[in-house]
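Here's the structure we're looking at; comments come further down.
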Protein chains: 2
Amino acid sequence: MADQLIDETDREILELLREDARRTLGDIGARVTLSTAAVKRRIDRMQENGVIVGYTVQIDHAKLGWGIEAFTELRFTGTTKVGEIVRTTTRMPEAQAVFTIAGDPDALVWLRVRDMGHLQRTIDEIRRHHQVTGTKTLMVLDSWTRGQQWPLDGD
Amino acid sequence: MADQLIDETDREILELLREDARRTLGDIGARVTLSTAAVKRRIDRMQENGVIVGYTVQIDHAKLGWGIEAFTELRFTGTTKVGEIVRTTTRMPEAQAVFTIAGDPDALVWLRVRDMGHLQRTIDEIRRHHQVTGTKTLMVLDSWTRGQQWPLDGD
DNA sequence: TCTGAAAGAGTTTAGCA
DNA sequence: TGCTAAACTCTTTCAGA
């Protein structure tokens, strides 16, 4: 039985799409030695599988003036509904990601903001909306994320 | 003087590409009331600008068996070269992102692994390669990142 | 599950407002 | 900047192996 959701060729295709999601099927096919039709079938299957969730553009936020990144650790009262925090936080444009944590802290929020004043207002807003008993904010000096080399500001 | 790198229409185009980077130029054009040629020119410009860094596929790693996420806080000795940590860590397939931090801890590594044994080995490897004076690992219960709704496991 | 071919879409370039 | 139009490329489907 094929108990694997994807095979080695699918993995290669995913890697190529991770590097550049706008590659054409023909280009991918040439690299994995497959016809465009075969590549299409595999990608379609991975989308139906849910292995491929979607495709997105990678943006240099610093160029748009949102040059500051931070992590805020949140601690809640015992009665706080964690799902509620996630829901309200994810509506803030400053939130890049929200992680609920087992143990201490209770959650970690990755923020991106324009300046320090903006950071302060953002943290205040998170505190205002929830029964947060404490926050600790870590300022990010530099970041790297897989599949996206943070540009080295060649301006 | 046009001191803004992008205008409101560019912003709309970015938002549409963030939702689905494989949208066609014609589809984007219809949504922002522009011809496909005009949309193309704007996207080309944003790529040359460096505002658009690239395009990538969003993968459901849990479906591929890498279902565990964690953050590891790292503390180094005073003599540790931070750039070195980033370089070696980013080579590990388990590392999703690496953040260097001002203050304490010195760095935050976002890891994705298959199981707890794998997590342990990964953390051991990070410790082995560097003059790490201490680590603290936060287990992620649930995560959300912008532009990628973590699938609600409809299996 | 693959390939190859044909038809339909989408992209890209060029010329002009 | 924008538009339209034409040439070109890519995607998608289908028949056959």
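Please read these numbers as outputs of a predicted model, since none were measured by experiment. Here is how names work: the chains are called A, B, and so on, in the same order as the sequence lines, proteins then strands, and each is numbered from 1.
A:Thr33 is linked by a side chain to side chain contact (heavy atoms under 4.5 Å, CB included) to nothing, counting only residues two or more places apart in sequence or in another chain. Contacts of B:Arg45 classified as side chain to side chain donor-acceptor pair (under 3.5 Å), with partners at least two apart in sequence or in another chain: B:Asp10. Judged as a side chain to side chain donor-acceptor pair (under 3.5 Å), and not counting sequence neighbours, the contacts of A:Glu15 are A:Arg18. Remark: A:Thr80 pairs with A:Phe76, A:Thr77, A:Ile85, A:Gln131 by the side chain to side chain contact (heavy atoms under 4.5 Å, CB included) rule, at least two apart or across chains. Every residue two or more places apart in sequence or in another chain that forms a side chain to side chain contact (heavy atoms under 4.5 Å, CB included) with B:Arg31 is listed here: B:Leu16, B:Arg23, B:Asp27. Residues forming a side chain to side chain donor-acceptor pair (under 3.5 Å) with A:Thr88 (at least two apart in sequence, or on another chain): A:His130. Partners of B:Thr72 under the side chain to side chain donor-acceptor pair (under 3.5 Å) rule, at least two apart in sequence or in another chain, are B:Thr137.
Each of B:Leu25 and A:Thr33 has a nearest nucleotide on DNA chain C; the 5'-most of these lies closest to A:Thr33.
Rounded to an integer number of Å, the gap from CG of A:Asp27 to C1' of C:dG10 is 17 Å. Atom pair A:Ile28:CD1 and C:dT3:C1' shows a separation of 18 Å (rounding to whole Å applied). One can place CD1 of A:Ile6 at 14 Å from P of C:dT1, the figure rounded to the nearest angstrom.
In this structure the side chain of A:Met139 reaches within 4.5 angstrom of the side chain of A:Met116, judged on heavy atoms.
Between the axis at the start and the axis at the end of the helix from C:dT1-D:dA17 to C:dA17-D:dT1 there is an angle of 30°, using five pairs per end and rounding to 10 degrees.
Every pair tested for salt bridge (charged side-chain N to carboxylate O under 4.0 Å, His left out) that includes a residue from residues 122-136 of chain B fails, sequence neighbours excluded, so the list is empty. Among residue pairs with one or both ends in residues 93-107 of chain B, those qualifying as side-chain hydrogen bond (donor to acceptor under 3.5 Å, both in side chains) are B:Arg75-B:Asp104, B:Glu94-B:His118, B:Gln96-B:Arg112; sequence neighbours excluded.
Among the atoms of the strands shown, base atoms are found under 4.0 Å from some heavy atom of B:Ser35.
Ring orientation note: the planes of B:Trp110 and B:Phe71 are close to parallel, at an angle under 30° on the 30°/60° scale.
Listed by residue number, B:Thr36, B:Ala37, B:Lys40 are the residues of residues 36-46 of chain B with a heavy-atom contact under 4.0 Å to DNA chain C.
Between chain A and DNA chain D, the heavy-atom contact criterion of under 4.0 Å yields a 5' to 3' nucleotide range of D:dC10 to D:dT13.
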